[in-house]
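As structure tokens, the structure follows; a few thoughts come after it.
The chains referred to below are lettered A, B, ... by the order of the sequence lines, with proteins before strands, and numbering in each begins at 1. These numbers were taken from a predicted model, which means no experiment stands behind them.
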Protein chains: 2
Amino acid sequence: MVFRHDQIVTATAANQIAEAIQQEIASGRLKVDDRLPTEEELATQFRVSRPTVREALKRLAARHLIRSRRGPAGGTFVNGPSPEEMAQSFSTAATLMVAAGGITLDQMATVRAEMEAICCRLAAEQRSAEHLAGMRAEIALQLSEPLLDEEFCASDVRFHRLIVDAAGNPLLRFLMNAIVEGLLPVSNMIIFRVRDRKTIVDHHIRIADAIEARDADRAVAALNDLVRYVRDQYAAAEKGRLEYASKITSTKGE
Amino acid sequence: MVFRHDQIVTATAANQIAEAIQQEIASGRLKVDDRLPTEEELATQFRVSRPTVREALKRLAARHLIRSRRGPAGGTFVNGPSPEEMAQSFSTAATLMVAAGGITLDQMATVRAEMEAICCRLAAEQRSAEHLAGMRAEIALQLSEPLLDEEFCASDVRFHRLIVDAAGNPLLRFLMNAIVEGLLPVSNMIIFRVRDRKTIVDHHIRIADAIEARDADRAVAALNDLVRYVRDQYAAAEKGRLEYASKITSTKGE
DNA sequence: TATCGTTATTTGTCAAACAAAAAGGGGATT
DNA sequence: AATCCCCTTTTTGTTTGACAAATAACGATA
């Protein structure tokens with residue numbers, strides 16, 4: 001059974017109103033923080049009922065183009081483009097694609113590793129003293145003795161984020177943020193299984209040293225070693241998990 | 001006047017319902033092409049009225065997560081992830097960010113070049129015979145003599161898209177699609193200024209040869225040479241354009 | 001058997017009303 | 001006179017009930 005995908009968005013009244021308002025925004029007639037007419041006024045203007053207007057507004061609100069507040073000074077206002085919201089909606093879209101089976105976790109991990117290598121290379125060229133200091137601080141934190149698994153994991157995430165920031169490219173930062181968000185549930189499981197943190201921190205130190213020396217190739221090599229190590233650990237853990245699962249299914253002892 | 005941006009999405013009933021349904025999809029309990037309950041059933045399930053349910057559904061429809069059709073066999077269905085739609089919304093958002101000054105075109109071009117290098121490396125490893133044949137066909141087309149600029153440009157885009165496809169990673173394909181879409185207006189101007197197509201095709205041949213030989217390093221090197229050449233041409237064209245502009249401002253001939 | 005009309009089902013739209021939030025003004029109190 | 005509280009007004013959020021339109025399935029008829 002083939003589903004007809006050629007006309008996804010039907011030309012209903014609500015959709016047409018949404019389109020019209022969006023064009024007003026895109027054309028610049030409605031500027032950022034402008035207030036558009038009340039729902040009643042829009043309803044009379046477009047010759048439709050208020051619920052229909054509301055459906056149209058909800059469509060735009062879902063894309064963060066407008067916001068609304070109640071009250072006398074309230075109403076519906078035009079939103080400016082906000083990178084955080086964009087990154088968030090993008091990462092939710094990425095997780096949805098993973099959930100729907102369009103992307104495997106392995107493919108996602110590959111892209112993440114390759115893109116982080118880019119960040120590493122750019123970071124070695126563009127890094128500032130502040131970024132380097134931040135990385136050193138995270139390494140020191142990771143070496144401190146009484147440290148919970150969650151704290152170590154959070155510091156690890158911050159360390160990798162610092163690499164991305166040091167590259168100094170907002171678009172790269174944006175893409176990495178989305179991908180890492182999509183990988184979070186998995187990466188947590190990975191990190192939690194790796195008991196031997198020392199190896200990971202050693203890799204972090206190698207990366208930070210190479211970035212400090214502005215040696216892009218060495219930084220990328222160190223990162224690749226880290227990725228390989230984590231991947232091996234994950235595969236081993238997965239194998240152990242499967243063996244454990246088969247064991248408890250064969251003998252169901254408490 | 002500072003607007004409070006800390007809580008953009010209010011926890012209204014409609015929003016909560018949209019969140020709930022989205023989680024059902026993300027968690028996999030609702031699979032692609034599954035039909036969710038009718039609006040009335042959803043209304044009774046969530047203890048709200050039907051218009052409220054409709055607002056929630058419209059929110060999800062605006063993000064292409066669901067589609068609806070009227071009639072007995074109609075209803076609301078879960079949409080599969082459509083890379084084109086997602087890439088489109090993403091690229092419009094990206095152009096907005098460029099317009100707002102968050103991202104410079106130079107940064108965008110850098111990311112594009114670096115990511116295409118990734119694609120090149122993966123393509124050298126994963127390519128199929130079909131992808132290679134497609135690339136050869138585009139090269140042959142680009143060498144054919146009476147060819148309009150637009151046709152050459154279109155073939156160039158297809159060639160680079162084939163590299164991305166040959167990498168065999170849908171996430172990479174998705175990201176590249178979005179970035180290239182965002183760069184299209186600029187890249188058109190570049191290609192149209194470069195008269196000397198022969199050099200570009202030579203680079204294409206070098207890339208295809210390297211991918212055919214599964215030599216990742218050579219492929220990446222060839223791509224980097226191409227990128228450098230195009231960038232130089234663009235800079236030269238920009239310089240010429242500026243000189244020309246200063247000339248016609250000084251002497252307003254004809 | 002094939003074709004056409006009917007019907008049931010489901011989304012799309014409308015209308016009127018009430019609830020809730022929030023800003024501003026007016027009055028009472030200190 | 002200043003401050004605090006309440007009340008009114010405006011606007012979005014939600015409910016109820018109804019009708020319109022599309023469309024797939026079923027049944028009747030040629």
Side-chain angles (χ1 to χ4, degrees), chain A residues 1-21 25 30 33-79, chain B residues 1-21 25 30 33-79:
Chain A
M1 201 269 282
V2 179
F3 177 73
R4 302 196 51 78
H5 239 249
D6 36 9
Q7 191 172 1
I8 295 209
V9 59
T10 56
T12 63
N15 286 334
Q16 285 175 347
I17 294 170
E19 287 272 331
I21 297 177
I25 297 175
L30 279 174
D33 288 339
D34 272 359
R35 175 182 161 175
L36 37 92
T38 69
E39 294 177 350
E40 298 227 7
E41 285 170 341
L42 285 175
T44 59
Q45 206 173 317
F46 285 103
R47 318 281 177 85
V48 295
S49 68
R50 198 159 83 91
T52 305
V53 168
R54 282 182 63 76
E55 285 188 10
L57 293 179
K58 286 297 168 185
R59 282 190 93 92
L60 300 177
R63 296 164 55 194
H64 297 141
L65 265 66
I66 56 174
R67 63 175 182 273
S68 18
R69 263 169 43 206
R70 285 198 271 219
T76 308
F77 300 87
V78 178
N79 258 342
Chain B
M1 201 269 282
V2 180
F3 178 75
R4 304 197 48 78
H5 240 246
D6 35 10
Q7 190 172 1
I8 300 255
V9 60
T10 55
T12 64
N15 287 333
Q16 285 176 346
I17 294 170
E19 286 271 331
I21 296 177
I25 297 175
L30 278 174
D33 287 338
D34 271 359
R35 176 184 160 176
L36 36 93
T38 68
E39 294 178 350
E40 298 244 3
E41 284 170 339
L42 286 175
T44 58
Q45 232 172 35
F46 285 103
R47 318 282 176 82
V48 296
S49 67
R50 198 158 83 87
T52 304
V53 167
R54 282 183 62 77
E55 286 186 10
L57 293 179
K58 287 297 170 187
R59 283 188 84 96
L60 300 177
R63 295 165 53 195
H64 302 267
L65 266 65
I66 57 174
R67 62 177 183 273
S68 8
R69 264 167 45 208
R70 283 197 273 220
T76 308
F77 299 87
V78 177
N79 258 340

Review point. Between C/dT11 atom P and B/Leu42 atom CG, what is the distance in whole Å?
Key: 8 Å
Study note, to complete from the structure: Per atom distances to the B/Ser49 side chain, the nearest of C/dT11, D/dT16, C/dT13 is D/dT16
Check your understanding: When you check the phosphate oxygens OP1 and OP2 of D/dT12, does a side-chain N or O of A/Thr76 lie under 4.0 Å from one of them?
Key -> yes
Point to revise | A/Thr76 vs A/Arg35 side-chain heavy atoms within contact, under 4.5 Å | key: no
Check your understanding: What's the CG-C1' distance between B/Leu57 and C/dG12, to the nearest Å?
Key -> 12 Å
Point to revise | Short side-chain N/O contact from A/Thr52 to OP1 or OP2 of C/dC14, under 4.0 Å | key: yes
Practice item. Taking only the side-chain heavy atoms of A/Arg35 (C-beta and beyond), determine which of C/dT11, D/dT11, D/dG13 contains the nearest atom. Key: D/dT11
Practice item. Taking the side chain as every heavy atom from C-beta outward, state whether B/Leu42 and B/Leu36 have any pair of such atoms under 4.5 Å apart. Key: yes
Review point. Is any side-chain nitrogen or oxygen of A/Arg69 closer than 4.0 Å to OP1 or OP2 of D/dT10?
Key: no
**Study point:** DNA chain C: 5'-proximal contact among A/Arg47 and A/Gly71 (nearest heavy atom)
**Key:** A/Arg47
Review point. Taking side chain as C-beta onward, heavy atoms only, is A/Lys58 less than 4.5 Å from A/Arg54?
Key: yes
Check your understanding: Between B/Glu39 (CD) and C/dT13 (P), how many Å, whole number?
Key -> 11 Å
**Study point:** Selection from C/dA17, D/dA24, D/dT15 that lies nearest to any side-chain heavy atom of A/Arg50
**Key:** C/dA17
**Study point:** pair B/Arg67-B/Asp33: side-chain heavy atoms closer than 4.5 Å
**Key:** yes
Review point. The side chain of B/Arg54 lies closest to which of these nucleotides: C/dT13, D/dT15, D/dT11?
Key: C/dT13
Practice item. Starting from C1' on D/dG13, measure out to NZ on B/Lys58 and report it in whole angstrom. Key: 18 Å
Revision key, fill the gap. B/Pro51 has its side chain closest, among D/dT16, C/dG12, D/dT14, to D/dT16
Exercise for review: Could you check which of C/dG12, D/dA24, C/dA23 has an atom nearest any side-chain atom of A/Ala73?
Suggested key: C/dA23
Review point. If you draw a 6.0 Å radius around CD in A/Glu40, do more than 12 non-hydrogen atoms from other residues or ligands fall strictly inside?
Key: no
Exercise for review: Report the distance from atom CZ of B/Arg70 to atom C1' of C/dT7, rounded to the nearest whole Å.
Suggested key: 17 Å
Check your understanding: Which nucleotide sits closest to the side chain of B/Thr12: C/dC14, D/dG13, C/dG12?
Key -> D/dG13
Check your understanding: Counting side-chain heavy atoms from CB outward, which of C/dT13, D/dT15, D/dT9 is closest to A/Pro72?
Key -> D/dT9
Revision key, fill the gap. Taken to the nearest whole Å, CD/B/Glu41 to P/C/dT11 is 9 Å
Practice item. For B/Val48 and B/Ala13, work out which heavy atoms get closest and say how close. Key: CG1-CB, 4.4 Å
Exercise for review: To the nearest Å, give me how far apart CD (A/Glu55) and P (C/dT13) are.
Suggested key: 6 Å
Exercise for review: Using heavy atoms to find the nearest nucleotide of DNA chain C for A/Ala14 and A/Gly74 separately, return the residue whose nucleotide is more 5′.
Suggested key: A/Ala14
Exercise for review: To the nearest Å, give me how far apart CD (A/Glu40) and P (C/dC14) are.
Suggested key: 14 Å
